[in-house]
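See structure below.
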Amino acid sequence: METDRKDGRTPNQLRPLKCSRNILHRAHGSASWSQGETKVLAAVYGPKAGTKKNEDPEKACIEVIWKPKTGQIGKAEKECEMIMKKTIQSICLLTINPNTTTSVIVQVVNDDGALLPCAINAACAALVDAGIPLKHLAVAICCCVAEDGSVVLDPTKLEEQQMRGFAYLVFPNSALSALPEGSSLVNGEPLEHGIITSVTHGVMSVDEYLKCVDRGRAACAKLSSFLRNSLQKSQFPSDMSSKAA
Amino acid sequence: MRLVDSSGDLSGEMEVDAFRRLFPLRYYERHLAESIRPDGRPLGMARDTTLALGAVSSADGSALAKIGSTTMLAAIKMEVMTPSAESPDEGCIAIEFHMPPICSPIVRPGRPAEAAVVVSKQLSDTILSSGMIDLKELALVNADGALFDAALLSAVAAFSHLQIPVVSLNDKGKIVAFTEEGDTVGKLEKEAVNKEKRKLTLGNIPFSLTCTLHKKHILADPSSEEESIMETLVTVVMDSSDRLVSFYKPGGPALAYTSLVTDCVRLTRQRMKELEKILDEAFSGMEVD
């Protein structure tokens, strides 16, 4: 059953994506990522000397600061910070620069649904812009489950509130420059199928969740090709936009 | 007790305790290869869980949950309030999660631990999203891994223990809680609006299981030592009608493939059955009193 969405998209259609790099000149790396009306700005400073108090000095430390559009920093922001920190820790090569801190500052410019995935995408682009060594890229997407059980991608804020439940999913993405001898399958699935992070809200059945994961993976392939294209463009402030269908 | 390592490196001959402290990951991996954990549990088994209802007598509903050594106390206080204009039929729930320094050597008085904030937010999300329904306070008495599981269990138990107190209208037309002490003479004019304490009807009850992932192994219900070594945590919350309330995996080096997701869900289902039994037993034990 085709769900009629307010902005006329099909359930599998993402909103127009825009990615700009190197917008803040004082930061070591910066990027802004927007999906439709949701826009997030990420800045990376680092690596700086020293790690925070309880952190392991044999590895690099990642610090995330989440700045909401309005209001004070509360529990929701702290939770987002923790999720982003763990996600970024799993894509960075932490052993290359031990005893250093890299700060990622995320500023929410506008929130119109799928905020955390947008922020993760922005942070990943900013990390690449800063030249922090990464294992692979992280691409994030939001999938929600409608009342009738169908899966809808990239909801707006209104849709998020009306849907029965939604899931933020983050997948790894790497382009293989040299194909390995044996197959790179893990348990019969290629590397891209693993979930780095998953946060769900609302109730859904296990099958619906697995359906979300499948759709999310397919959409992430599109998102990641857009990300790679925009990252490969010139160093100077570039503006790349596309409408992924 | 001497441990002889066949690979012949530095850990060649040393006491087990020293090996455990110096090379924690290898200590665990050697156990995992035999599909067992240092405390003797098989990989998929959770620690012993006990539940005590009515731990705090001054609260309207309370419970003390223990999973292994992790101890969590939940107390519910109900207040009469005027509902908001948008939802005149609903009350609201406010959840506070405290991690006092008694619970663990890494918590200092003053700044709340990062985990506390996150767990309280997760808890609010889970309880609200699973459709249960007042003020709630959770206090962590002892932290030994799987904080979220213990918190949710004690919260759920406290809710099932909750009895809404009798309320009545006093002379000025305000609703006041009806206290049982006090002389009967003055109270005769007040009519109780609801004649007796009633239980809160619960919708689908959520139960959770936290697992850590390490290479190909899934360890259910980690202790704090296991949690600190294996960095990837997954928390799956399911409710009694077999729906997934939450699949929470905040990053971490190990990636979750579909087979892993289904395995975690299966373990959670098993755990749910155990927890339901424990909750029922605790409840019926209380009814008899």
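Throughout, a chain's letter reflects where its sequence line sits, starting with A, and its residues are numbered from 1. No experiment lies behind these values; they were computed from the predicted model shown.
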Does NZ in Lys135(A) sit with more than 12 non-hydrogen atoms of other residues, nucleotides or ligands closer than 6.0 Å? yes

Side chain, backbone, both or neither: which part of Val170(A) has an atom under 4.5 Å from a heavy atom of chain B? neither

So with a 6.0 Å cut-off around NZ of Lys277(B), is the heavy-atom count from everything else above 12? no

At what distance, to the nearest 0.5 angstrom, does OG1 of Thr200(A) lie from NZ of Lys249(B)? 13.5 Å

Non-hydrogen side-chain atoms of Leu260(B) and Ile195(A) separated by less than 4.5 Å: no

Please determine whether side chain to side chain contact (heavy atoms under 4.5 Å, CB included) holds for the pair Val206(A) and Phe247(B), giving the CA-CA distance in whole Å, both sets of side-chain angles, and the decisive distance to 0.1 Å. CA-CA 10 Å; Val206(A) 181; Phe247(B) 187 92; over 6 Å; no

Is the shortest side-chain heavy-atom distance between Tyr209(A) and Val265(B) below 4.5 Å? no

